[in-house]
S.K.: 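Encoded as structure tokens, here's the structure I'll be asking about.
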Amino acid sequence: MSLRVKDVDFAQNQIIVRDTKGNESRVTMLPESIAEELKIHLQSAKLAVSVSVPPNVVRSVKIIHQHDLQKGYGSVYLPFAKMRKYPRAKYDWIWQFVFPSGSISKDPRSGEVCRHHLHETSLQKALK
């Protein structure tokens with residue numbers, strides 16, 4: 001569930017899965033049947049950030065990120081030494097999670113308040 005926006009390649013129809021077993025990255029196909037829905041999930045910028053959206057309506061990841069930036073959050077935890085090398089990258093769109101958490105919380109590693117990825121147990125509970 002910690003897939004990032006930069007790891008989805010719509011042009012090549014592939015997903016890069018990072019830090020898998022053996023600490024390697026793997027490339028897998030992005031099924032055409034979900035590609036369009038995933039684009040909408042990520043990019044649907046037709047909704048304005050200032051518009052109040054009912055809680056049962058899912059907003060796009062891009063809108064959530066823009067809203068978080070306006071509130072002074074919008075950062076994510078970066079892997080390894082990236083945070084040191086690129087201190088502003090944690091706010092960049094490409095580093096955001098494809099499946100962000102529904103709430104903002106304090107990162108135990110940095111102490112910064114930010115949005116984490118959706119935990120796999122949340123998905124498992126929803127599917128039961």
S.K.: Does atom OH (Tyr86) have a neighbourhood of more than 12 heavy atoms from anything else shown, all under 6.0 Å?
M.R.: no
S.K.: Could you go step by step and tell me if Val76 and Arg4 meet the side chain to side chain contact (heavy atoms under 4.5 Å, CB included) rule?
M.R.: CA-CA 10 Å; Val76 292; Arg4 295 179 190 261; 3.5 Å; yes
S.K.: Starting from Ile64 and following side-chain heavy-atom contacts under 4.5 Å between hydrophobic residues (I, L, V, M, F, W, Y), which residues can be reached?
M.R.: none
S.K.: Whether the side chain of Arg115 engages the backbone of Ser101 through a donor-acceptor N/O pair (distance < 3.5 Å, no angle test) should be reported.
M.R.: yes
S.K.: Measuring from Ile40:CD1 to Ile34:CD1, what's the distance to the nearest 0.5 Å?
M.R.: 12.0 Å
S.K.: Could you point out which residue of Arg109, Glu112, His117 forms a side-chain contact (heavy atoms from CB on, under 4.5 Å) with Tyr77?
M.R.: Arg109
S.K.: Has the side chain of Asp92 got a donor or acceptor atom that lies under 3.5 Å from a matching backbone atom of Ile94?
M.R.: no
S.K.: Tell me if a side-chain donor or acceptor on His65 pairs with a main-chain N or O of Tyr91 at a distance below 3.5 Å.
M.R.: yes
S.K.: For Val98, run the side-chain contact (heavy atoms from CB on, under 4.5 Å) check against Leu118, Asp7, Leu38, Val61 and tell me which one passes.
M.R.: Leu38
S.K.: State, to 0.1 Å, how close Ser75 and Cys114 come at their nearest heavy-atom pair, and which atoms those are.
M.R.: O-CB, 3.0 Å
S.K.: Atom NZ in Lys39, atom CG in Leu30: separation rounded to 0.5 Å?
M.R.: 9.0 Å
S.K.: Is Val17 linked to Val8 within one hydrophobic cluster, defined over Ile, Leu, Val, Met, Phe, Trp and Tyr using a side-chain heavy-atom separation of less than 4.5 Å?
M.R.: yes
S.K.: How about NZ on Lys82, more than 12 heavy atoms from neighbouring residues, nucleotides or ligands closer than 6.0 Å, or not?
M.R.: no
S.K.: Could you state the interatomic distance from CH2 (Trp93) to CD (Gln43), rounded to the nearest 0.5 Å?
M.R.: 5.5 Å
S.K.: Quick one: CD1 on Ile15 to CE on Met29, what's the gap to the nearest 0.5 Å?
M.R.: 9.5 Å
S.K.: Distance check, rounded to the nearest 0.5 Å: Leu42 atom CG versus Phe99 atom CZ?
M.R.: 8.0 Å
S.K.: Within this structure, what is the CE-OG distance for the pair Met83 and Ser110, rounded to the nearest 0.5 Å?
M.R.: 6.0 Å
